[in-house]
Protein chains: 2
Amino acid sequence: MQDGTISSLGHPQVTEPGSRPVFPSDCPIRQLLDRIGDKWSVLTLLVLGDTAMRFGELRRCIGGVSQKVLTQTLRSLERDGLLTRLVEPTVPVSVTYSLTPLGLDLLSALRLMMEWAETRMTLVKAAQNEYDQRGAR
Amino acid sequence: MQDGTISSLGHPQVTEPGSRPVFPSDCPIRQLLDRIGDKWSVLTLLVLGDTAMRFGELRRCIGGVSQKVLTQTLRSLERDGLLTRLVEPTVPVSVTYSLTPLGLDLLSALRLMMEWAETRMTLVKAAQNEYDQRGAR
DNA sequence: CAGCATCCATGACGATACTG
DNA sequence: CAGTATCGTCATGGATGCTG
C-alpha cells in the first residue's frame with residue numbers, strides 16, 4: 001500500500017488482506033460527484049471563476065442552459081457554500097454571483113481536468129471512431 | 001487576458017471587446033463532462049486506477065451499481081479509449097478491465113479533485129446545514 | 001462469470017407563461 | 001432583470017429473468 005494508490009487518499013475503505021478498495025455511497029468523492037456531477041455545475045463554477053457575473057450574462061455564457069435549470073444550479077452551489085448571491089435592490093433588481101474562497105479552491109482542483117479535456121479530447125474522439133469502425137465490420 | 005483566466009486555456013470562445021467567455025455545447029470541457037459526468041464513470045476509473053480487476057470484483061468495489069449500468073459504463077469507457085477489456089476464454093469466461101495510458105492520464109488529472117473532496121466535503125456539508133437553517137427560520 | 005433483454009420508475013431537464 | 005410556477009419529455013438507471 002504505497003503512495004499513488006487510492007488507499008493513500010484515506011478513504012473509509014475495507015482494507016483487510018486480500019480485499020479491494022470499496023467506495024460506499026457515502027464516501028466524500030461520491031458525495032462530491034452527486035453534487036457537481038450534474039449537467040451545469042462545473043461549467044457554472046468555471047465561468048464564475050473568471051469573473052463575477054449577473055444572471056442574464058451568466059446565462060448567455062453557458063450555451064443552451066434554460067433559465068429554470070440555471071437558477072436551480074446556482075441555488076445548489078450557493079447552498080454548498082461555493083458561491084455567493086448578491087442582490088442589489090435597484091429597479092429592476094440586479095443579482096450578482098461570485099465564487100467564495102471555497103468555490104475558487106474547488107475550481108483550482110478542477111483546472112487540471114479542464115486542461116486534460118483541452119489537450120486529450122481529440123484522442124478520445126479518435127478512439128471512439130476506431131471503436132465504432134471495429135463494430136461496423 | 002492574463003494567465004489563470006479561463007481564456008488562457010484556449011477555448012474556442014468569443015473574445016470580442018466587452019464580451020464574456022462563452023462555452024458552446026461542443027467545447028472540449030463540455031464534451032468531457034458529457035462523457036464522464038454520469039453517475040459511475042469517474043468512480044470506475046478510480047477503482048481501476050488502483051488495480052486491474054474483473055467484472056464481479058469491480059462491481060463489489062462500487063457500492064450500489066447495477067450489473068446493467070456497470071456494463072454500460074465499462075463499454076463507454078472502452079470506446080473512449082480509457083480502458084481495455086481483456087477476455088480470457090476460460091470456462092466460465094473471465095474478463096479483466098484495466099486502464100490504458102490515456103485513462104491513467106485522466107485519472108491523474110482527477111486526483112486533485114478527489115483530494116479536494118476528501119478534505120473539503122465537511123465544509124460543504126457545514127455550509128448546507130447553515131443554508132438550510134436560514135431558510136427554516 | 002459476465003453478460004444481454006426487457007420493463008419500469010424517477011428525476012433532470014426544457015419550454016412556456018406569468019410576476020415583483 | 002431575475003426570477004417562480006407548471007407541464008411535458010426523455011435519458012438514466014434500477015429490477016428481474018435468461019444465456020453462452
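Naming: A, B, ... by sequence-line order, numbering from 1 per chain.
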Write down the distance between NZ (A:Lys39) and P (C:dA12), rounded to a whole number of angstrom.
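After rounding, the gap between these two atoms is 13 Å.
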Could you state the CZ-P distance from B:Arg30 to C:dC13, rounded to the nearest angstrom?
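Going from CZ in B:Arg30 over to P in C:dC13 covers 12 Å.
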Quick check for you: to the nearest 0.5 Å, what is the distance between [X] atom [atom1] and [Y] atom [atom2]?
X       : Y        : atom1 : atom2 : answer
B:Ile36 : B:Leu77  : CD1   : CG    : 8.5 Å
B:Met53 : B:Arg60  : CE    : CZ    : 9.5 Å
B:Leu48 : B:Leu104 : CG    : CG    : 9.5 Å

Side chains of B:Ser41 and B:Arg35: any donor to acceptor distance under 3.5 Å?
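The criterion, which ignores hydrogens and geometry beyond distance, is not satisfied for B:Ser41 and B:Arg35.
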Contact residues, residues 78-94 of chain A to DNA chain D [heavy atom, < 4.0 Å]
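Those residues whose heavy atoms fall under 4.0 Å from DNA chain D, taken from residues 78-94 of chain A in numerical order, are A:Arg85, A:Pro92, A:Val93.
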My understanding is that only one of B:Val65, B:Leu46, B:Ile62 makes a side-chain contact (heavy atoms from CB on, under 4.5 Å) with A:Phe23; could you say which?
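Result: among B:Val65, B:Leu46, B:Ile62, B:Leu46 is the only option passing the side-chain contact (heavy atoms from CB on, under 4.5 Å) with A:Phe23.
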Is it true that A:Arg134 and A:Glu130 make a salt bridge, defined as a side-chain N closer than 4.0 Å to a carboxylate O?
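A salt bridge links A:Arg134 with A:Glu130.
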Decide side chain to side chain contact (heavy atoms under 4.5 Å, CB included) for A:Gln72 and A:Lys68; before the verdict, give the C-alpha distance in whole Å, the side-chain angles of both, and the deciding distance to 0.1 Å.
CA-CA 6 Å; A:Gln72 284 177 353; A:Lys68 188 190 82 169; 3.7 Å; yes
How far apart are the C-alpha atoms of B:Phe55 and B:Leu74, what are their side-chain angles, what is the distance that settles it, and do they pass the side chain to side chain contact (heavy atoms under 4.5 Å, CB included) test?
CA-CA 9 Å; B:Phe55 186 88; B:Leu74 289 166; 3.8 Å; yes
Give the first and the last nucleotide of DNA chain D, reading 5' to 3', that has any atom under 4.0 Å from a heavy atom of chain A.
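Range of nucleotides touched by chain A: D:dC1 to D:dC7.
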Please check the phosphate of C:dC1 (OP1 and OP2 only) for any side-chain N or O of B:Arg54 closer than 4.0 Å.
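So the side-chain polar atoms of B:Arg54 never come under 4.0 Å of the phosphate oxygens OP1 or OP2 of C:dC1.
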OP1 or OP2 of C:dC1 versus the side-chain N and O atoms of B:Tyr97: is any pair under 4.0 Å?
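It does not, given that no N or O in the side chain of B:Tyr97 lies less than 4.0 Å from OP1 or OP2 of C:dC1.
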Joint hydrophobic cluster, A:Leu123 plus B:Leu107, side-chain heavy atoms closer than 4.5 Å
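Yes: a chain of side-chain contacts under 4.5 Å links A:Leu123 to B:Leu107.
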Taking the side chain as everything from C-beta on, heavy atoms only, tell me whether B:Arg75 gets closer than 4.5 Å to B:Thr71.
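SC-SC contact between B:Arg75 and B:Thr71 confirmed.
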Go through residues 64-75 of chain A and report each residue with a non-hydrogen atom lying under 4.0 Å from DNA chain C, sorted by number.
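Listed by number, they are A:Gly64, A:Ser66, A:Lys68, A:Val69.
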